[in-house]
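Okay, structure first, notes after.
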There are 2 protein chains.
Amino acid sequence: MRIGELARLTGVSVRSLRYYEEQSLLRPERHPNGYRSFSESDVERVAQIQLLFASGLNSRCIADLLPCMCGSGTDEFTTPAPYLVDGLLPVRERIVAQITALTASLQTLDRVIAAARGPSPQG
Amino acid sequence: MRIGELARLTGVSVRSLRYYEEQSLLRPERHPNGYRSFSESDVERVAQIQLLFASGLNSRCIADLLPCMCGSGTDEFTTPAPYLVDGLLPVRERIVAQITALTASLQTLDRVIAAARGPSPQG
DNA sequence: CTGGATCCTGACACCTATGTGATGGTCGGG
DNA sequence: CCCGACCATCACATAGGTGTCAGGATCCAG
């Protein structure tokens with residue numbers, strides 16, 4: 001499919017999809033006329049990318065990660081080099097820390113919201 | 001206390017503390033000579049700010065949030081106007097969404113890490 | 001051929017938190 | 001007085017993902 005359709009299917013802007021290719025997160029084929037040609041599986045792949053972006057990873061990190069996880073269809077390359085893991089562990093820690101921070105923030109927020117709803121001594 | 005000491009106590013750069021004031025996250029007094037004068041409670045407040053930043057909230061959001069929660073010890077003013085809650089709910093949703101994304105990413109990440117460690121069928 | 005939709009590349013703009021440097025005021029100790 | 005530490009403001013830089021526009025090319029329909 002072409003870039004416009006992928007954009008529609010994923011809800012991601014054409015601009016971003018081109019950027020993803022620039023960052024090697026997507027590797028679409030090219031029609032003879034220069035148009036990008038994406039596969040069906042790229043829909044899922046873009047969703048993955050979006051998820052990782054939403055988690056605060058940057059494109060370089062995602063680029064490292066994707067070859068290890070995208071193998072929904074092709075599974076040869078699902079085992080990353082161990083050296084890659086060394087780079088992944090800090091990322092993991094950051095995510096855990098972020099979840100912790102978010103959870104704490106959420107609790108605080110919920111206390112605030114509860115207090116605003118009913119200032120009665122319920123908590 | 002002055003800005004340098006607050007920076008030392010919190011581990012946040014002086015630059016960031018000034019930025020926080022610019023964003024109305026901190027409202028230090030001013031000495032006649034122009035120096036900022038922070039209170040003891042600002043140490044905790046900065047920690048809160050950092051926590052929220054780490055949660056991915058931006059300064060505007062934090063500015064809305066802080067007046068409701070800064071009373072961790074003092075709970076008098078923990079009750080915000082209900083109209084404020086309307087603004088808080090989207091924030092809450094964003095936090096929940098982010099936790100969801102992070103959790104999913106963490107799972108993916110852990111699968112990759114596990115696969116790299118031992119490609120044996122252990123999980 | 002014409003018009004419109006879609007695509008291409010390239011480039012600049014933005015936002016946001018933070019770094020960094022310039023330039024100068026304030027204060028305390030020697 | 002003078003130096004060093006600290007503070008002030010202003011301003012420019014950075015990074016990363018995205019918006020947006022410019023200037024063309026392609027393709028299809030009429």
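Worth saying up front: this structure is predicted, and the values here are computed from it rather than measured. When reading the values below, keep in mind they use all heavy atoms of this one structure, side chains included, and skip hydrogens, waters and symmetry mates. Quick note on labels: first sequence line is chain A, next is B, and so on, each numbered from 1.
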Members of residues 92-106 of chain A that approach DNA chain D, where some heavy atom sits under 4.0 Å away: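 Here the set is empty: none.
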Letter by letter from the 5' end, nucleotides 4-15 of chain C scores (B base, S sugar-phosphate only, - none; protein heavy atoms under 4.0 Å) --BSBB-B----
Boundaries of the DNA chain D segment in contact with chain B, non-hydrogen, under 4.0 Å: D:dC6 to D:dA11
With sequence neighbours left out, write down each residue that passes side-chain hydrogen bond (donor to acceptor under 3.5 Å, both in side chains) with [X], or none if nothing qualifies.
X	answer
A:Ser41	A:Ser39
A:Ser24	none
B:Asp110	A:Arg92
B:Thr108	none

d(CD1, B:Ile62; C1', C:dT18) in whole Å: 14 Å
Contacts of A:Cys61 that satisfy side-chain contact (heavy atoms from CB on, under 4.5 Å) - sequence neighbours left out: A:Leu57, A:Asn58, A:Val91
Using a cut-off of strictly less than 4.0 Å, decide whether B:Ser59 has a side-chain nitrogen or oxygen near OP1 or OP2 of C:dT16. no
Enumerate, atom names and distances included, each donor-acceptor pair closer than 3.5 Å involving a side-chain atom of residues 4-12 of chain A, sequence neighbours excluded.
{"residue": "A:Thr10", "atom": "OG1", "partner": "A:Leu6", "partner atom": "O", "Å": "2.7"}
{"residue": "A:Thr10", "atom": "OG1", "partner": "A:Val12", "partner atom": "N", "Å": "3.2"}

Scan side-chain atoms only and decide if A:Thr100 and A:Thr103 contain a donor-acceptor pair under the 3.5 Å cut-off. no
Could you give all pairs that pass the salt bridge (Lys or Arg N to Asp or Glu O under 4.0 Å) test and reach residues 15-24 of chain A, with sequence neighbours left out? A:Glu21-A:Arg30, A:Glu21-A:Arg36
For A:Glu40, check salt bridge (Lys or Arg N to Asp or Glu O under 4.0 Å) against everything at least two apart and list the hits.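 With neighbours one apart ignored, the set is empty.
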Sequence-distant partners of A:Tyr20, ring-ring contact (aromatic ring centres under 6.0 Å, His included), two or more places apart: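 Per chain and number, A:Tyr20 pairs via ring-ring contact (aromatic ring centres under 6.0 Å, His included) with A:Phe53.
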